[in-house]
Amino acid sequence: MPSNAQAISLCVFSSFATYAILRVLHRSEPSSSSSSSSSSSSSSSSSSSSSSAKSVKSLIENRRSVFPKQYNGDIIPKATMKDILDTARWAPNHKLNEPWKFIVFSGSGKKKLGQFLADEYKATAGDSFNQGKYTKKLKNSEVTSHIVALICKSSNKTVELEDIASTSMAVQNIHLYCTAVGVGMYWSSGSVYANGKKNDRAVTNSESVREFLKIEEEEFLIGWGYFGLVEGGEVGGKGVRKEMEETGRIRWVE
Ligand SMILES: Cc1cc2nc3c(=O)[nH]c(=O)nc-3n(C[C@H](O)[C@H](O)[C@H](O)COP(=O)(O)O)c2cc1C
């Protein structure tokens, strides 16, 4: 199985998918009242596309992980969750195999999951077990509206990495849209250890987790999505990142 880091690094491409979606949406919208100060009736397509580009960039830059400690315990309506999860299918994916799959926990299902995750932590943490952490896990699931198992279904080893990349892009679509509609979200690796080994914690596919989720052979968990509402509804904000070229993340060959 490819490393989590590989999947994460490919996630960034979803920005482009989202850009395309919002651009299309913007074009199909009737010109709204929020246009800029100039009162021109002939709003040129180039100025509208540049304001669209700015808002998409701003959405991408201001998307933030929003954690359970920030949630107020309110429940996100099911219709809103459906709308949010629907954005996943517009992620690009190899040969349209649409590898993403989500198991959505809410209500008593979420309570069972929260208890299960806390107990799994207890069962696998060994000497590092910390009662406070255990209690926090239970509390986190209580204040969270929905917890979603983020699953990749890939039956073909040769495209498995690409399938994980696409599933990650699907999650980025979800995350960006959450920011746009004022829903808090973050991707959690989960603090349970695969095979009972502390260093194997990154991708949480222990037998017990797989059994709990009832996932098939060719499916694997790539993380958990936590969704919740925050007081005032403001979920975006300034983030911390280094400049691309400063860190040698781009090499131009011209
Ligand atoms: C694959 C993946 C796994 C993550 N796992 C965790 C986690 O287990 N715990 C956590 O606090 N944050 C986790 N995060 C969220 C990161 O902490 C967060 O994205 C990072 O701090 C940058 O913050 P931002 O999303 O607000 O830009 C994860 C994010 C990704 C994409």
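Numbering of ligands and ligand atoms starts at 1, following listing order. Values below: every heavy atom of this structure, side chains too, minus hydrogens, waters and symmetry copies. Note that the coordinates shown come from a computational prediction; the quantities given were computed from them, not determined experimentally.
- Less than 4.0 angstrom separates some heavy atom of R241 from each of these atoms of ligand 1: 22 (C), 27 (O).
- Applying the 6.0 Å contact sphere to CD of E245 captures more than 12 heavy atoms from other residues, nucleotides or ligands.
- Nearest to atom 2 (C) of ligand 1 by heavy-atom distance, out of W187, F67, W224, is W187.
- Every heavy atom of H175 sits 4.0 Å or more from the atoms of ligand 1.
- Using a 4.0 Å cut-off between charged side-chain N and carboxylate O, K157 and E160 make a salt bridge.
- For Q131, the CD atom is densely surrounded, since the number of other residues' heavy atoms within 6.0 Å is greater than 12.
- Proximity to R64 (heavy-atom distance under 4.0 Å) selects the following atoms of ligand 1: 24 (P), 26 (O), 27 (O).
- We find that E216 and K153 are joined by a salt bridge, their nearest charged nitrogen and carboxylate oxygen being less than 4.0 Å apart.
- Considering backbone and side-chain atoms alike, Y186 places every N or O at 3.5 Å or more from each N or O of ligand 1.
- With ligand atoms numbered from 1 in the order given, ligand 1 contributes 24 (P), 25 (O), 27 (O) to contacts under 4.0 Å with heavy atoms of R63.
- Residues I103 and I215 meet the side-chain proximity criterion, which asks for heavy atoms closer than 4.5 Å.
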